[in-house]
Amino acid sequence: MENKIENRIEELLNKMTLDEKIGQLHQSGVSIVGAFEVSFEELINMLTDGRITPKEFEEYMNNAEEDFHEDDIRAGHISSFNGVHGAEKVNRLQKIAVEESRLGIPLLIGADIIHGCKTTFPIPLAESCCFDEKLWEKTAEISAEEASSLGIAWTFAPMIDVARDPRWGRISEGAGEDPYLVSKFAVAKVKGFQGEDLSKPNKILACAKHFVAYGACEGGRDYNTTDMSKQKLHEVYLPPFKAAVKAGCQTIMPAFNDLNGVPCSMSKYLLKDVLRNEYKFDGMLISDANAIQECVIHGAVENRKEAALSCLSAGLDMDMGSNCYGEHTKELIESGDLSIDELNTAVRNVLRVKFRKGLFDNPYFTNSKREKETISNVKFRSLAKESALNSIVLLKNDGILPLKKEMKIGVVGNLAIDKWETIGAWAIMADGDNCISVVEGIKNSKNDVLYEKCIEDGKLIEDQIDKVCSSSDVIIAVVGESRDMSGEASSRGDISLPEIQQALLKNIVKRGKKVVVVLMNGRPLALSWEDKNVNAIVEAWHLGTEMGNAVSDVLFGDFNPCGKLTATFPYNVGQCPIYYNHPSTGRPAGKSKFTSKYLDMPIKPLYPFGYGLSYTTFQYSDLRADFNNQNLEVSVKVKNTGDIDGSEVTQIYVQDVVASRVRPVKELKAYEKVLIKSGEEKELHFVISCDDLGYYNEEMKYVIEKGLYRVFAGGSSEELLQVEVEL
Ligand code: BGC
C-alpha cells in the first residue's frame, strides 16, 4: 500500500510543472468581498473585541460574498483551504480541482475542529480532567464524523502544548502541565480523528500543534519568546509530539514562537533533526497562520523571500495564509538558492497525506444527505453529556453538596443563562443555540429556580441580589470567564475572578447566605478568597453542548464528580509558572527564612495537579513496588470508605532520588480510573517500563540510572503514600 502510494507520488511529480508544485504548498483562505459596510479586517476586530457576538459575525458571514479563487484552483495554484465547510460548497470547489485542473489533484480542506464540531465537547483542558483515553478518543471520533460530513478532511488538532502558566490563554486548548498525561491525550486524539483506516470518509487527518514549547512562552504572554535547555525540551515539551508521531499523526504545525532564538517555523533542528531524523515523521508540516511571513517580524530574516527560503529549506512544507511560498519559490529555484530536491520533498509530503487520506480515489467523500444526517445528530448528545460530567472537578465542598432537590435554589451571574458561553474558546463551528445553559440544566432537574443576573453594565443590581437572596436557601453563583477570555491572544496578567464577580460573591456571603460557586473558565484561576469564604466550588469549565445538564446532575448528586485537575491552581498569580513536577531545589521550603518560598504568600498551590473531590471518600493502603524484568511493578489498594459509589483516578508518581542531574520531585508515570462501589476495596496493578524512568544527561544521552527510586500512589499529587525501591 505504502509502496503504491510512493509510486503514485513519483508518477504525479514527474508530470508537474514548477508552478503546479509550488501550488501544492499553498493553503488559501476564502476572501470576503463585501455585503457589510466595514472591511473584513474591521469585522474581525469587532468580533475580537466583543463589539459583535460570534452569532452576529456568523450572520454577517452568511450574507457575505465569498471569493474562493476558483481560477487559482483551476490553474493548480491552491492545494488546500482553511475556512471552507459544507458538503455542497466543498464538493463544488473539489470538482474544479479534480475535473478542471490539468492534473486533477484534489483539495485538502482543513479547519480548527478543536473540541467538537457542531456538537461541542468540553474544552481540552476540561476534558483532560477525565483521565480517560477511551473517552478522549470517542469525542475525537465524533468530531471527525461531523467535520468530515461537512467536507473537512483535516483538523488542526490536537493541541498538545504542555502548559505550566495559567496566564497563557491557550492553556485551555491543551491537556495541562504534565508531559505523560498530555502524551496519552495526544495519542487518543490522533487515534480518534484518524482511526485505523484514514481513507474512510468519516476520518480526518490530525495535526499535532504547536511544535514546540509554545506553552513555555515567557510571562504566559501569547506569541512570546521561549528559551530552554535541550534536556527540558526533550523531557517536558517534546514527548507528546513524539507520542503523536508514533501513533501515526499525519501533520504537524510548528509554533509561532522562537525557541532559543530561532522561530520554530524555520528551525532545521526541530523540523529536520528532531522530527524527520529522530522521530521518522513522514507526514506533512503546515505553518501556523501567517507564521512564515512573521519570521520577518521576528527579525530572523530580512524579507518575505528569505522567509520562504529559510522555512522551505528547514523542511516546512505548506504555507498557511502568508503566500510567501507562492510569491517567491519560483525565483528561489531559478536563482539556485533553493534546490529542486528541497521543493520536491515538500511536494511529496503534501501529496503523501492527500493519498493517505484517500482523496485521489474518493475526493467527494460527503454529500448534503450525509451532512444532514450527521450534523448535531441527537445521538452525539449523550457523549457530549458523558464527557461533560467526567470533566467537572469538585474543588471544595463543606458538605452542602449534593443539593437537595427540595431546597429553594437561586442562581446568579450573567454566564448562567448564556448558551453561547458554554462552548468556550476555539469552537468555530459550534452551534451555541443548541447548547444547554446552566439555568436551563437546573430547570431540567428542578422547575422552581429563581434566576437573577445581579450584574448589569459592570455594576451590581442590589434589588436583584435582595430578591434572590431573600427567597432562596442556597445561591448558585455562576462566575468565571467569558469564552473570549481564554484561547488564542487571551493571556491575562491577573487570573482571579473579574472584580465585579468578586464583589457579587462578597455581597452575597456578607448576607450570610450559603453559596455554591460554579466556575465557567478556560484556565486555572486564583481563588484563595473564594476557597475560604464560599461553601462549595464546582469547576465546570466550558463544557459545551450539554453543559447545563451535566452541571445540574453534579449539583444535585445524580452524578458523583470524579474529575482531577491536570493543571495546578495557584494560590496567587505571583506563583506562576507553577507545576507539581518541578526539579528539586537545594533549599526546599521550610521553617528557615533561607529556603525557597515567598514572604507574602504560601509556596503551595491552592489546588494541586491530580486533585479533585468526590461525594464519597477513598482510602489508599498497601502500596508495593518492585523492579522486575525491566519493569517497575506497582500495586496499591483503594477502598471506597463513603456511602455512595464513585470513580477514582489513582495516580502513580515516581522520583529518581539521586541522579547525575537534578530530577523532578515526582513525575506521573501511570494512572487508572476505576469505579469503586461504596464499601468496596480494589487492588490496582501498574506496570511501568524502565525505559520511561530515564532522562537526558549532560551530554544529551538518554540514561536510565541504577539506584534508589521513590514510588508514590494516591488520588492527588499531594496526598500520596510512598515506598522506596532500588533498581
Ligand atoms: C492558531 C492555530 C490555528 C490556526 C488556523 C492560528 O492563529 O495559532 O492554532 O490552527 O490559526 O486557524
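Ligands are counted one by one from 1 in listed order, and the atoms in each one are counted from 1 as well.
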Within residues 70-81 or reaching into it, pairs that qualify as side chain to side chain donor-acceptor pair (under 3.5 Å) - sequence neighbours excluded: Gln24-Ser79, Gln27-Ser80, Glu70-Arg92, Asp71-Arg74, Arg74-Glu100, Ser79-Lys354

All pairs passing salt bridge (Lys or Arg N to Asp or Glu O under 4.0 Å) where residues 297-312 contributes a residue, at least two apart: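 Qualifying pairs, neighbours excluded: Arg304-Glu327, Lys305-Glu331.
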
Pairwise salt bridge (Lys or Arg N to Asp or Glu O under 4.0 Å) hits with a residue in residues 238-255, at least two apart: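 Listed once each, the pairs would be none.
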
Check: Gly326 main-chain N/O paired with Thr329 side-chain donor or acceptor under 3.5 Å: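 Judged by distance alone, no pair lies under 3.5 Å.
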
Residue contacts for ligand 1, heavy atom to ligand atom, distance under 4.0 Å: Asn82, Asp112, Phe156, Arg170, Lys209, His210, Met253, Phe256, Asp288, Ala289, Met320, Trp426, Glu488

Separation between OG1 of Thr566 and CG of Asp178, rounded to the nearest 0.5 Å: 9.0 Å

Neighbour count >12 (heavy atoms, 6.0 Å) for atom NZ, Lys419: yes

